[in-house]
Amino acid sequence: MAAQRQYWLIKSEPDVFSIADLKRDKTTHWEGVRNYQARNHLAAMKKGDWALFYHSNADPPAAAGIAKVSREAYPDDAQFDPKSDYYDPRSDRAKPRWVRVDVGFVEQFKEPVSLATLKDDPALEGMLVIKKGMRLSVQPVTEAHFFHVCALAGSKRTSGA
DNA sequence: GCCAACGTTGGC
DNA sequence: GCCAACGTTGGC
């Protein structure tokens, strides 16, 4: 039996990189994660996993679409580049501290689901993104929560097909 | 722009 | 190992 698909939520500021940018580019390197817990989630991602693409620092902040993991974790080159915003002088090439994954475009929601809507929905109780002070930029999401958000967004997706 | 929440750093 | 200082995230 194939391993079960996992579900995630990944945050991006749309001014920097939005779901529309992913739609245009088809695929991107998900790099620059510099938080250990988020890094550990990246490392746990498997090819074929899906992620809610969440717009943070947006008006309103919202789940904006779906991305899928197209390449599993590998070293994030930006950590070795002194000119990069994501440079980490304490990371060692022989033992890289930070990883990135590649993600591909799946869907841009016609009706993005705002944070306020997520918070108001009893079916989403316990979802990490709606917890006060939850800044984690890569989070696990349950399958039930994932598809409930899809339904709220007007997406036809109701399963992992 | 403000500021609460929270992670990281570094002195001790 | 504690914890104060500091930096960042991200909603509002």
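Both backbone and side-chain heavy atoms feed into the values below; hydrogens, waters and symmetry mates do not. Numbered from 1 within each chain, the chains take letters A, B, ... in sequence-line order.
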Distance-only donor-acceptor test (3.5 Å): side chain A:Arg34, base C:dT8: no
Please tell me which of A:Gly133 and A:Arg90 maps to the more 5' nucleotide of DNA chain B, matching each residue to the nucleotide holding its nearest heavy atom. A:Gly133
Would you jot down, in residue-number order, the residues of residues 12-22 of chain A having a non-hydrogen atom under 4.0 Å from DNA chain B? none
Interatomic distance where NZ belongs to A:Lys131 and C1' belongs to B:dG7 [whole Å]: 17 Å
Sequence neighbours left out, cut at 3.5 Å: what donor-acceptor pairs do the side chains of residues 119-136 of chain A make with other protein atoms?
residue  : atom : partner  : partner atom : Å
A:Asp121 : OD1  : A:Ala123 : N            : 2.8
A:Asp121 : OD1  : A:His148 : NE2          : 3.4
A:Asp121 : OD2  : A:His148 : NE2          : 2.6

Whole Å only: how far is the NZ atom of A:Lys132 from the P atom of C:dT9? 19 Å
Short side-chain N/O contact from A:Tyr54 to OP1 or OP2 of C:dG11, under 4.0 Å: yes
Between P of C:dG10 and CG of A:Leu115, the distance in whole Å: 11 Å
Out of B:dG7, C:dG10, B:dT9, which has the shortest distance to the side chain of A:Ser56? C:dG10
Whole angstrom is fine here: how far is it from CG in A:Asp85 over to C1' in C:dT9? 15 Å
So, A:Arg39 side chain and A:Val33 main chain: donor-acceptor pair closer than 3.5 Å or not? no
Is it the case that the side chains of A:Gln79 and A:Ser91 hold a donor-acceptor pair, with the cut-off being a distance below 3.5 Å and no angle test? yes
Using 30° and 60° as the class limits, which term best fits the ring planes of A:Phe17 and A:Phe53: parallel, tilted or perpendicular? tilted
OP1 or OP2 of C:dG10 sitting under 4.0 Å from any side-chain N/O of A:Lys11? yes
Rounding to a whole Å, what distance do you find between A:Gln139:CD and B:dG7:P? 12 Å
Answer with yes or no whether the side chains of A:Asp88 and A:Trp98 bring together a donor and an acceptor at under 3.5 Å. yes
Parallel, tilted or perpendicular: rings of A:Trp8 and A:His41 (30°, 60°): tilted
Side chains of A:Tyr74 and A:Asp102: do they bring a donor and an acceptor to under 3.5 Å? yes
Does a nitrogen or oxygen in the side chain of A:Lys119 sit under 4.0 Å from OP1 or OP2 of C:dC12? yes
Roughly how many Å is it from CZ in A:Arg135 to P in B:dT8, rounded to a whole number? 9 Å
Whole-Å distance separating the CE atom of A:Met134 from the C1' atom of C:dT9: 12 Å
Take atom CG of A:Leu136 and atom P of B:dG7, then tell me their distance rounded to the nearest Å. 9 Å
